[in-house]
Protein chains: 2
Amino acid sequence: MRSNAAFLPVSEDELRAIESFRVGTRTVAPGEALIVEHVRSPQLFTLYAGWAFRFKTLSDGRRQILNFLLPGDFIGLQDEFAEGQTHGVEAASEATFCVFERDRLWDLFHAQPKLGYDITWLAARGEKMLDDNLVTAGRRNAGERVAMLLMHLYRRAERLGMVRDGWVDFPFNQQHIADALGLSLVHTNKTLRRLQAMGLHKLEAGWLRILEPHVLESLGDYFERPLRRVPLI
Amino acid sequence: MRSNAAFLPVSEDELRAIESFRVGTRTVAPGEALIVEHVRSPQLFTLYAGWAFRFKTLSDGRRQILNFLLPGDFIGLQDEFAEGQTHGVEAASEATFCVFERDRLWDLFHAQPKLGYDITWLAARGEKMLDDNLVTAGRRNAGERVAMLLMHLYRRAERLGMVRDGWVDFPFNQQHIADALGLSLVHTNKTLRRLQAMGLHKLEAGWLRILEPHVLESLGDYFERPLRRVPLI
DNA sequence: CGGGAGATTGAATCTGGTCAAATGCCGTGG
DNA sequence: CCACGGCATTTGACCAGATTCAATCTCCCG
């Protein structure tokens, strides 16, 4: 995975530090929880393969997906200090994670400040993506929301080399999309259908294809900046 | 400010490192920009006094306030890597900031890993607050949104000792609230009015008073966890 | 006293939500 | 091979929470 051009190289020392920080791996089946909501996890994770997502639910069951997780994403910092009020994380496809002990995070910072810096960088990147999602949920209409989400996910997957012949694995159902965008299931369906009828994208059997990237980008007023190489913990 | 019980103490060494990292202070008038949207700032900031907020706008002018900034908040990490696609930051009251050189951030991590850890902690905390805002914009209705926001801001201000006789300085107008919640100005006004008529809060002449905290908390399904002491950079 | 910004209100309209039912797709069991 | 059950997707009809439009009203300030 480190050979992927999307990630920054690390030194021998750093790699050793990461290895000793890691305590194992874990594989989660689609629909299963990696982190149960409201239960603080004593571990941190890096997604290695597959798709997952972070979410929160209100007490009456309304769910909001906070963001989608792709390989390389570092998970769990957010509840570093949140007692009980944590997010949940669930696998959308089969997903494997690298597992770290939260308690040893400080040791890692101490031993390898560069890795600490990388983790901060990842946290800042996560915050940036949340910013975009918040603009979407707060100020975009249904069509714009869907367009933004499709392009966002497509660009990220593309950067990781997950696109084959124009198609990306897309293991989400319409309920996931609705919960990510703050729309109802029915309205999400109608909007998706409308954009597809306009020939902007195709979504079938768990695969996504973008047909008119520029149209979707301007519809969603969302232009993914050139994606830099990202540190991998 | 460091004597404020909301903040964690720092060692002599750390304090020296912070001092040398700092390059000055800056004061911004209400309504003025600290960071202009789309312009990457070569500096990082810590808000010292006053209220500010972070926001993004769509190309047709629709604005989304991403979060509100109170003393102690660390600003600017988010665009560590975002070329051109940055947020804006504007002062709501007169606000003073501590200024740091972004380029020297790595030096700080290197010299004082503990401070690097603190910065990561602050970033994670920021992400957590964004999570809550995203749930609000995506899944709460108007009444719930307003209730959540009022309690959120009140609790944070309270923690910083900014409440006097039950009143907090509240330098935001209804447009700010609307933009933070993803509502229209008119609907925000009506909702605010309705909650006030129910006797839940009072908002006048730039001051906020919470009359029924428990009612607002359950209405918004939002219960601020006990706020820990926070590192201050 | 006139001007301007923010707050309020009422009315009309519309986007998106809710309800209900149909359709399509699989995997299982007879 | 086919019927049945469960889940996701679609669709149509209707409803309502929010937006938009258009005035007013209230202060505050020069």
Side-chain angles (χ1 to χ4, degrees), chain A residues 29-32 53 58 60-65 90 92-93 136-150 170-198 201-208 219-220, chain B residues 29-32 51 53 58 60-65 90 92-93 136-150 169-198 201-208 219-220:
Chain A
E32 296 296 313
F53 59 91
L58 293 176
D60 66 357
R62 280 173 287 177
R63 179 175 75 167
Q64 175 68 40
I65 289 183
E90 187 177 311
S93 63
T136 295
R139 289 303 186 202
R140 279 186 246 253
N141 65 30
E144 296 166 344
R145 292 184 202 207
V146 170
M148 180 277 188
L149 181 66
L150 293 180
F170 195 83
F172 303 105
N173 60 29
Q174 299 186 354
Q175 187 66 62
H176 288 121
I177 301 178
D179 287 345
L181 299 178
L183 295 172
S184 72
L185 173 60
V186 172
H187 199 55
T188 299
N189 173 283
K190 289 174 179 169
T191 307
L192 231 23
R193 205 106 265 294
R194 184 164 55 83
L195 298 195
Q196 183 154 337
M198 290 165 66
H201 75 283
K202 217 168 243 184
L203 192 48
E204 50 189 43
W207 292 85
L208 167 68
L219 175 57
Chain B
E32 297 295 314
W51 292 80
F53 59 91
L58 293 175
D60 65 357
R62 280 173 287 177
R63 178 174 75 167
Q64 176 67 41
I65 289 183
E90 186 178 311
S93 63
T136 295
R139 288 304 186 202
R140 279 185 245 253
N141 64 31
E144 295 166 346
R145 294 185 200 206
V146 169
M148 181 279 189
L149 181 65
L150 293 180
D169 179 27
F170 195 82
F172 303 104
N173 62 29
Q174 299 186 352
Q175 186 66 62
H176 289 121
I177 301 178
D179 288 344
L181 298 178
L183 295 172
S184 71
L185 174 61
V186 173
H187 199 52
T188 299
N189 173 283
K190 288 175 180 169
T191 307
L192 230 23
R193 204 109 265 293
R194 184 163 56 83
L195 297 196
Q196 183 154 337
M198 289 165 66
H201 75 281
K202 218 169 243 182
L203 191 48
E204 52 189 41
W207 292 85
L208 167 68
L219 175 56

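Note that the structure is predicted; figures quoted are calculated from it, not measured.
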A:R145 CZ to C:dG16 P, straight-line distance once rounded to whole Å: 7 Å
Gap between atoms CZ and C1', on B:R139 and C:dT18 respectively (whole Å): 13 Å
Side-chain heavy atoms of B:E90 within contact of B:E32, under 4.5 Å: no
Spacing of A:L185 atom CG relative to D:dC7 atom P, expressed in whole Å: 14 Å
B:K190 NZ to D:dT20 P, straight-line distance once rounded to whole Å: 12 Å
5' priority, DNA chain D, between A:F172 and B:A142 [closest heavy atom]: A:F172
Of A:T188, A:D179, A:N189, the residue whose pairing with A:Q174 passes side chain to side chain donor-acceptor pair (under 3.5 Å): A:N189
Contact list for residues 187-198 of chain A, test salt bridge (charged side-chain N to carboxylate O under 4.0 Å, His left out), sequence neighbours left out: none
Nearest-angstrom distance from the residue atom CZ of A:R62 to P of C:dG17: 12 Å
Within-4.5 Å side-chain heavy-atom neighbours: A:T191 and A:L181: no
Selection: residues 173-184 of chain B, any non-hydrogen atom under 4.0 Å of DNA chain D: B:G182, B:L183, B:S184
Over all atoms of both residues, closest heavy-atom pair of A:R140 and B:L58: NH1-CD2, 3.5 Å
Separation of atom CD in A:Q196 from atom P in D:dT10, rounded to whole Å: 8 Å
Quick test: give all pairs of protein nitrogen or oxygen and nucleotides 22-30 of chain D nitrogen or oxygen below 3.5 Å, distance rounded to 0.1 Å.
none

Closest non-hydrogen atom pair, B:G143 against B:L219: O-CD2, 4.1 Å
Side-chain N or O of B:N189 closer than 4.0 Å to phosphate OP1/OP2 of C:dT8: yes
Length of the line joining B:R193:CZ and C:dG10:C1', which is rounded to integer Å: 15 Å
Min side-chain heavy-atom separation B:L208-B:F172 under 4.5 Å: no
A:R139 vs A:E144 side-chain heavy atoms within contact, under 4.5 Å: no
Between C1' of C:dA20 and NE2 of A:H187, the distance in whole Å: 19 Å
Donor-acceptor contact present, side-chain A:T136 to main-chain A:R145, <3.5 Å: no
